[in-house]
Number of protein chains: 2
Amino acid sequence: MAFINDNYLELKDSYLFATIAKKVNEFVAANPDKKLIRMGIGDVTLPLTPSVLTAMHEAIDEMGKKESFKGYGPEQGYDFLRNAVKAYYERINVSLDADEIFISDGAKSDVGNITDIFGNENIVMIPDPVYPVYVDTNIMSGREIVYLDSNAENNFLPMPPQDDEMADLIYLCSPNNPTGSVYNREQLTAWVNYAKQSGAIILYDAAYEAYINDPSLPRSIFEIEGAKECAIEFCSLSKTAGFTGTRCGYTIVPKALVGYNTDGDEVVVNKLWNRRQTTKFNGVPYIIQKGAAAVFTESGQKEIKDNVAYYMENARIIAQAMKEKGIEYVGGDNSPYIWLKCPNGMGSWEFFDYLLNEIAVVGTPGAGFGANGEGYFRLTAFGGREATIEAMERFKSI
Amino acid sequence: MAFINDNYLELKDSYLFATIAKKVNEFVAANPDKKLIRMGIGDVTLPLTPSVLTAMHEAIDEMGKKESFKGYGPEQGYDFLRNAVKAYYERINVSLDADEIFISDGAKSDVGNITDIFGNENIVMIPDPVYPVYVDTNIMSGREIVYLDSNAENNFLPMPPQDDEMADLIYLCSPNNPTGSVYNREQLTAWVNYAKQSGAIILYDAAYEAYINDPSLPRSIFEIEGAKECAIEFCSLSKTAGFTGTRCGYTIVPKALVGYNTDGDEVVVNKLWNRRQTTKFNGVPYIIQKGAAAVFTESGQKEIKDNVAYYMENARIIAQAMKEKGIEYVGGDNSPYIWLKCPNGMGSWEFFDYLLNEIAVVGTPGAGFGANGEGYFRLTAFGGREATIEAMERFKSI
């Protein structure tokens, strides 16, 4: 008799985006004449850039000729792309070996699959509010979760608790989704020291690193001394280069990082992840890897910097409107997200309904990201310029 | 203190292809003048077909324009591709709902990840010899494995054991990798009945279905009555359409399939897999899905039938050589693999060395696929025509 994984029954159904879609559809049906502006979903809108397009067209032509056709590639990614990522890290003085870099089909897959290589007895520390994948993937493996309050008191940048025995695996995301807050060097150093002291491992989600403007802020946890002994970093081209529908990311598992078996012996984590990936994954399409490598060329970097600047100008426009309205917010300066406090003590969903009905603007209720998100609201800078300006004009009118 | 998943320490290192590579490299270094012919790795050599190339070029152009750019797609795959797969199954009178079809980046990922949704207390039945991923992924989750002898006595088509309480999850692969053997309708019916009787679930790997010539042989387990209540089917475009480096497959999880929670209540497996995929996967690249959909068009089907016919003519040439040499073998008629008994009582590796040194032909030692593979050897039909003919001429000369 085939038994299911009972932990799946502990998962809460994810109603957030389904509920948003339902409310929006009802509104549109009732108000066919009103122009809806969507600022809810964290998806990019600018097309892939010329360097990426050219590289992928060329790769397809290669795949169409017997002499240059590519079959199975290395599960960890082609050297041309691993070396491009390696060079990308060198710009921030982080020196990696190519075999510490694993090319994947995106941060979501790796953030989820990384749970495979760790024991289910680990206690997991997760900030609240948070990207729901961290929570759900650990519920799926039946782990105990300790939540870390992320709130206005700590500027949505929770710091290590006093007790250094509280957790074995720690999720951090900076720039943060959903709050847009960013750890500085001192704060991240405190986390690294905490992890090293307790033998914990930090799972560091750097998917939004390209949005950091302030050169004093770390773009990788590996800019912090000692991080290679206590952290894994997930990164993605989704928000950096518009790859949300093209699917390519990379995960850094330093060879200096060890976990412990139940006897307390050290085990090299890089080897475990390599074994996981070679067994359950067959690599990213050659065509996509060629497109991804183009992101790291000189022309590719220029193009994506222009795109990031475009979105960050949207963020500035949104932030400016919040200031004018006297609405408290964080994010938006080194992140494409603006996390605002719903005015007049409104709840997240109450404010959602208010914005939808009054000005036909859709955002994301903070409550969807965890208990501490109640009373907050997320707006994203990934829309078009015109729509962003119009949405903020409407915002200011209410 | 971060604990690793101790089950990973139970994995045997996979030396098979590494050892082959080492031996081949040594041979090439010592014999620079000899022309090596590789018939070992199960990777295709014909390029992607015109319909696929055109569709992907067009998709890239769409991704380059703001109006047609695609961001996040549905994790389960676009409707255009799910519906194409649905229609593909209709040709063999298997009627599926689109939401029973999950598009993935290949059968290897899904075969590995499917273990997520089942309890670790399940006993797993795996034929020997076998594709090593079935074994390794279950060792990773700490499950008890019962091996099923696949050998000359049962034509490498093991049938259900007498005891119907032996296993909860059953892996079957037909046409088989590595043996090339194919279950007929009666045999597969016996398996379906066995699974239904015991409440077990069959994990059916149909990655080589396109190689079935004999119209009486089932190309899907869902051609067997009752299979929707006891089976999941994995399929892939890797061998069908040369997608080994392009990465797209599909997994069928019928909505009629249930597993049991520890209280013995029924749980719909389709829902669990949907939750797993929406949480830990972000879908296959739009560009790749467009290429995959082209495989199912009229022109695409014609092109891939030509490719399969090309490889099957190679298989016929290999089989003919075996017959002429009086070497026992199975496979090659409805499968791209020829599984031969090493002549003169040689062991798998002994025969590997013999072929390499005598005629510079590389194959795969059967021992690499499990204990019952010892004394056997796998040749693949995925090479070029000229090389296949030459390899068999050399074969006949020894």
Side-chain angles (χ1 to χ4, degrees), chain A residues 1-6 8-9 11 43-48 53 56-57 60 63-66 69-73 105-106 108-109 112-113 116-119 121-122 133 136-137 140 168-169 198-201 244-247 259-262 267 269 272 275 279-282 285-288, chain B residues 1-6 8-9 11 43-48 53 56-57 60 63-66 69-73 105-106 108-109 112-113 116-119 121-122 133 136-137 140 168-169 198-201 244-247 259-262 267 269 272 275 279-282 285-288:
Chain A
M1 195 158 100
F3 291 103
I4 62 137
N5 175 353
D6 272 13
Y8 271 64
L9 305 178
L11 291 163
D43 198 357
V44 296
T45 52
L46 291 174
L48 295 181
L53 297 169
M56 291 201 294
H57 276 306
I60 290 179
M63 294 296 276
K65 295 190 200 86
K66 200 168 173 158
F69 173 76
K70 299 281 183 302
Y72 290 121
D105 62 326
K108 185 182 177 190
S109 301
N113 292 332
D116 268 25
I117 63 169
F118 293 108
E121 70 273 36
N122 288 297
V133 166
D136 288 350
T137 57
M140 285 173 174
D168 309 305
L169 299 172
S198 57
I201 290 177
T244 51
T246 304
R247 312 303 317 141
Y260 297 88
N261 68 13
T262 41
V267 181
V269 174
L272 297 179
R275 191 61 156 93
T279 305
K280 298 193 190 183
F281 184 57
N282 236 332
Y286 174 73
I287 296 160
I288 304 297
Chain B
M1 194 158 101
F3 290 103
I4 63 137
N5 175 352
D6 272 14
Y8 271 65
L9 305 178
L11 291 163
D43 198 358
V44 296
T45 52
L46 292 174
L48 295 181
L53 298 170
M56 291 200 295
H57 276 307
I60 290 178
M63 295 295 276
K65 294 187 202 87
K66 201 168 173 159
F69 173 76
K70 300 280 182 305
Y72 289 122
D105 63 325
K108 186 182 176 189
S109 300
N113 293 333
D116 269 26
I117 63 168
F118 294 109
E121 69 274 35
N122 288 297
V133 166
D136 288 350
T137 57
M140 285 172 173
D168 310 305
L169 299 172
S198 57
I201 291 177
T244 51
T246 304
R247 312 302 318 140
Y260 298 89
N261 70 11
T262 42
V267 181
V269 174
L272 297 179
R275 192 62 156 92
T279 306
K280 297 193 190 182
F281 184 56
N282 238 332
Y286 174 73
I287 296 160
I288 304 296

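Note that the structure is predicted; figures quoted are calculated from it, not measured.
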**Asked** Could A:R275 and B:D136 be called an ion pair, given the rule that one side-chain N must be under 4.0 Å from one carboxylate O?
**Response** yes
**Prompt:** At their closest point, which heavy atom of B:L53 faces which heavy atom of A:M63, and how far apart are they?
**Reply:** CD2-C, 4.3 Å
**Message:** I need the residue from B:M140, B:M56, B:H57 with the largest number of non-hydrogen atom pairs under 4.5 Å to chain A.
**Reply:** B:H57
**Message:** I'd like to know if the side chain of B:D6 and the backbone of A:T262 have a donor-acceptor N/O pair within less than 3.5 Å.
**Reply:** yes
**Prompt:** For B:T279, is it the side chain, the backbone, both, or neither that has a heavy atom closer than 4.5 Å to a heavy atom of chain A?
**Reply:** both
**Option in B:I288, B:N113, B:N282 with maximal non-hydrogen atom pairs under 4.5 Å from chain A** = B:N282
**Any B:V267 side-chain heavy atom under 4.5 Å of A:L9 side chain** = yes
**Pairwise side-chain contact, A:N5 with B:D116, heavy-atom cut-off 4.5 Å (strictly under)** = no
**Fill in**
Those residues at least two apart in sequence (or on a different chain) that pass salt bridge (charged side-chain N to carboxylate O under 4.0 Å, His left out) with B:D105 are none
**Request:** Give the C-alpha distance, both sets of side-chain angles, the deciding distance and a yes or no for side chain to side chain contact (heavy atoms under 4.5 Å, CB included) between B:T246 and A:Y286.
**Result:** CA-CA 6 Å; B:T246 304; A:Y286 174 73; over 6 Å; no
**Prompt:** With a 4.5 Å limit on heavy-atom distance, are the side chains of A:I4 and B:I117 in contact?
**Reply:** no
**Message:** With a 3.5 Å distance limit and no angle check, can you tell me whether B:N122 reaches the backbone of A:F3 through a side-chain donor-acceptor pair?
**Reply:** yes
**Prompt:** What heavy-atom pair brings B:I60 and A:I60 nearest, and what distance separates the two atoms?
**Reply:** CD1-CD1, 3.2 Å
**Message:** For the interface with chain A, which of B:L169, B:I201, B:I287, B:L46 has the highest count of heavy-atom pairs at distances below 4.5 Å?
**Reply:** B:L46
**Message:** If I measure from the heavy atoms of chain B, does A:K66 come under 4.5 Å with its side chain, its backbone, both, or neither?
**Reply:** both
**Prompt:** Are the side chain of B:D168 and the backbone of A:M1 linked by a donor-acceptor contact shorter than 3.5 Å?
**Reply:** yes
**Message:** A:D43: which residues meet the salt bridge (charged side-chain N to carboxylate O under 4.0 Å, His left out) condition with it, sequence neighbours left out?
**Reply:** none
**Asked** Of all of B:G112, B:P47, B:G199, which one pairs up most often with chain A through heavy atoms under 4.5 Å apart?
**Response** B:P47
**Asked** Given the options B:A200, B:G259, B:G119, which has more heavy-atom pairs under 4.5 Å with chain A than any of the others?
**Response** B:G119
**Asked** Side chain, backbone, both or neither: which part of B:F118 has an atom under 4.5 Å from a heavy atom of chain A?
**Response** both
**Message:** Looking at B:F281, is its backbone amide N or carbonyl O close enough to the side chain of A:K108 to form a donor-acceptor pair, meaning the two atoms are under 3.5 Å apart?
**Reply:** yes
